[in-house]
2 protein chains.
Amino acid sequence: MAQQSNILKYKHLGIYTQNENVVYMHEDCHVCVSEGFEALTRIRVSNLNISIVASLNVINSDMLLPDEIGLSDSAAEKLNVSPNETLYVSHLEPIESLSHVRAKIYNQKLDYNAYKEIITDIVQGDYSNIHLSAFITACAGGRMDINEISDLTKAMIASGKQLNWNKEIVVDKHCIGGLPGNRTTPLIVAIVAAYGLTMPKTSSRAITSPAGTADTMEVLTNVTLSSEEIKNVVENEGGCIVWGGTAQLSPADDVLIKIEKALDIDSEGQLIASVLSKKAAAGSTHVIIDIPVGETAKVRSTEMAQQLKEHLETVGKAVGLKVKVVITDGTQPVGRGIGPTLEAIDILKVLKNEADAPKDLLERALFLAGELLELSGKVEKGKGYKTAQKVLQSGKAYKKFIAICKAQGRFSKPVLAPYKIEIRAENSGILERIDNRKIAKLAKLSGAPQSKSAGISLNVHLNDKIEKNQLLYTLYAESIGELNYAMDYKNNHNDIITII
Amino acid sequence: MAQQSNILKYKHLGIYTQNENVVYMHEDCHVCVSEGFEALTRIRVSNLNISIVASLNVINSDMLLPDEIGLSDSAAEKLNVSPNETLYVSHLEPIESLSHVRAKIYNQKLDYNAYKEIITDIVQGDYSNIHLSAFITACAGGRMDINEISDLTKAMIASGKQLNWNKEIVVDKHCIGGLPGNRTTPLIVAIVAAYGLTMPKTSSRAITSPAGTADTMEVLTNVTLSSEEIKNVVENEGGCIVWGGTAQLSPADDVLIKIEKALDIDSEGQLIASVLSKKAAAGSTHVIIDIPVGETAKVRSTEMAQQLKEHLETVGKAVGLKVKVVITDGTQPVGRGIGPTLEAIDILKVLKNEADAPKDLLERALFLAGELLELSGKVEKGKGYKTAQKVLQSGKAYKKFIAICKAQGRFSKPVLAPYKIEIRAENSGILERIDNRKIAKLAKLSGAPQSKSAGISLNVHLNDKIEKNQLLYTLYAESIGELNYAMDYKNNHNDIITII
């Protein structure tokens, strides 16, 4: 009977809070009063089908009546609720897995079952940001040993969907990022799929960068496909390049990554579990991982990269993946374009073997595609690069790429942005340094990735001899305002490109 | 000029989110669009006088117009904003001190300056819950050495107001809690102030317990006094017992404690810094700290208590406090009452030397008052208890207590709750165990501390020989509903009191 009184009528409020579930109830609401709910209490909200956990905000205006209940947009979406629908609220049962988080805070080792319980509760949305941050922090700073990282990875794989392609060999690649313009993925998929391997690639959108692979590919084709559609594309073409957001692979990772961004840390254990759980859940068997090393890249020293390599390969083995890590140069952006459309232009130039295709992007793609061909066992050791080059030069990779785009729904040619400013050298000298982070920021301020054609086209490389007034890069934007906004930043930072 | 366009008009929404600052802007708001603000972005909101940091929620209904801005109640209060007032919003500058938090996550030692910068930013409200939780977690699990704890304590003292009583000796006491009904503070203040020492006591309200000292004292007198009023009371009477919430002593502590509660951890370093920074900021010189030890108390073993004792005394010395820690029995509740009014009744019985005063509360108060008299150096070692007893038995402590209450604004007699149920033993035997946590929860479900007269009056102690049907305790409530709610819990938990 007590349950019956916890009924409230849903009212749409239109408050968007990203993924955070917020529930709004009036201060005179009988449920608040009788249950002793207070603002920020985490409570369970259910309809007949689904149940979520949300933080309470208490309304003391006429925005809600006492018998009404509101939800943040994401909470309303998760409950799939309709106006005036009846919702039930109740106290949140204690989250048992937090005892494992506390054990980890107190330096204890956790086993697979403990990680499994934690990850399950995180995926259910039971952890608040406070809990998530404590879990991330307790696992950072070298506090997980290699067995724990393997167990966490396994727990994350098990927490979501797992794809099965009914193939003995399914290849994949990953880059431990930080290099603007480094858009090798579409090239590698085109090459290895044209060669005959299966490479169902799911990619992310930009989180803090000017473009993710999914943003760039969206210039050329559709990237938001259902599981069924993805399956068809891969069956017909041997590869795809789609957005991974709908696939629900390792869903805990999406939650944890947001907290790591807010803290601006990359816990090694979480990074490894994040990368490998996504790959394993996507049904991959052979994975090349590229770690660019540079002062302003994500990994800053060869020693760190070397350790990460060993741990990635060990954990990969533990979860049944054949992983090879390659350490590459991460001292400057790759290709010319930084931003979705400009990167898409680079990709097409490489695929079409055009004379002015960016050579660094081309070489990097051939190297990684070659490594992947060798790792798969289908190409003899030492012959990967040559094989990849042959596939590209023959035009087969371009043909495959267009076929994949069409299978994904369309192939559209990239169109340049309407506004641009050319940035020229103020003095002559040698190009000493390009700050990856600052040039990425500049591209973002010009509107990328939301404005697809915004961004930067870079004309110079490290160690180039630069003449005064030589074109360094062109800034593109879809509005004058954005162009000015980027120029403000450029004018206030004279260390984006350093010439001495 | 860019600044000028970031102007919005304040509209009252009436959304209460406790201390969390939330700002509401419409999705079509020109500032959101031009500044690239997204939901949950932390942004700076200012009027002409004050500036705060708040998390953005984006409105897509007619709750706000595009040129309007809303605030959560606490944010509106901090800005002291009026309807239609102009507010300015801007990007949050990077929080530099987070680099120290990251260093701590990566196991580095921090120095005084690092802790100072962190605490300053926390007090300004610049840290989100994610940042706060990472800081707490990185400092927990024995990751702070004794120098770091001292530095953190000093930083917390410096972050708020510091009181100065112009007295050579200012005494104080603290209990590292967890024992229901353990309301010795008002008794100790009355005794030592009657003896002639200065004891300006600021106490907390309950956070998760059925009563804090401030809640209990509010039954008898006013506890929300201005700094000026507190000063007057202490000058005239030598002591006070007020709520510390308005004093702004060690304000970082109030923020950090909420996160620790959410994580349900007591980091030793944070605990020591919390207790000692409050005492030092309150202008105390000599402090007795009581650590009750018991299976269901906050500190569960004598070894833990012993280590905590050493660390408290060492850090106390480092920050210029004379600290003595006493380890006491924490196996059962103290006194009869659990809940503000019922505890107030116990206190008055002890002060008036009534025959049925709870003896355990009386003895504990005399012991601690005696220790404090000796620590102050005003009473010879070994004579503290006797001296305290004399002051109490003479009626001087009662007289002093009434005088303090009147100086604080009123003295009111406690009045029992209108509804009660007597809980009797279902079997005979020996009283084996009282679960401190569960009996506290029961008192809270009956309405304490919001309903002042709600709670429990306990008639039995550990090892008592119990007859079947003997009165164990009486549950009090201010409504039938609350009484039933508490009884539901009681009927579902047969291990609140164990008789075998």
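Naming: A, B, ... by sequence-line order, numbering from 1 per chain. Side chains included, hydrogens not; waters and symmetry mates left out as well; all remaining heavy atoms used.
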Tell me, for [X] versus chain B, whether the close heavy atoms (under 4.5 Å) come from the side chain, the backbone, both or neither.
X         : value
Ser99(A)  : neither
Tyr24(A)  : side chain
Leu64(A)  : neither
Glu482(A) : neither
Lys104(A) : backbone

Which bit of [X] is near chain A, if near means a heavy-atom gap under 4.5 Å: side chain, backbone, both or neither?
X         : answer
Ser267(B) : backbone
Gln450(B) : side chain
Leu445(B) : neither

Any chance you could measure [X], atom [atom1], to [Y], atom [atom2], to the nearest 0.5 Å?
X         : Y         : atom1 : atom2 : result
Asp264(A) : Ile95(B)  : CG    : CD1   : 11.0 Å
Lys261(B) : Ile130(A) : NZ    : CD1   : 13.0 Å
Asn57(B)  : Thr17(A)  : CG    : OG1   : 5.5 Å

Mind checking what makes side chain to side chain donor-acceptor pair (under 3.5 Å) contact with His91(B), not counting sequence neighbours?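 Per chain and number, His91(B) pairs via side chain to side chain donor-acceptor pair (under 3.5 Å) with Glu35(B).
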Would a distance-only check, ignoring hydrogens and angles, find a side-chain to backbone donor-acceptor pair under 3.5 Å from His12(A) to Ser61(B)?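 It does not hold such a pair.
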Taking every non-hydrogen atom, the tightest pair across [X] and [Y]:
X         : Y         : value
Ile105(A) : Arg143(B) : O-NH2, 3.0 Å
Ala134(A) : Ser133(B) : N-OG, 3.3 Å
Arg102(A) : Leu263(B) : NH1-O, 3.0 Å
Tyr106(B) : Asp266(A) : OH-O, 3.4 Å
Met63(B)  : Leu13(A)  : CE-O, 3.5 Å

Does the pair Tyr16(A) and Asn60(B) meet the rule for a side-chain contact (heavy atoms from CB on, under 4.5 Å), with working shown? CA-CA 7 Å; Tyr16(A) 181 66; Asn60(B) 49 47; 4.2 Å; yes
Can you tell which of Asn107(A), Val22(A), Leu98(A), Asp62(A) has the highest number of heavy-atom pairs within less than 4.5 Å of chain B?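 Answer, by heavy-atom pair count under 4.5 Å with chain B: Asn107(A).
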Determine whether more than 12 heavy atoms belonging to other residues, nucleotides or ligands lie under 6.0 Å from atom CD of Glu93(B).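 Enclosed: over 12 neighbouring heavy atoms sit under 6.0 Å from CD of Glu93(B).
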Within the supplied structure, the quantity of interest is the number of heavy atoms (other residues, nucleotides, ligands) at a distance under 6.0 Å from Lys490(A) NZ; does it exceed 12?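 It does: Lys490(A) NZ has more than 12 such atoms within range.
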Among Val101(B), Leu132(B), Ile265(B), Ile259(B), which residue has the highest count of heavy-atom pairs closer than 4.5 Å to chain A?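 Of the candidates given, the most pairs with chain A belong to Ile265(B).
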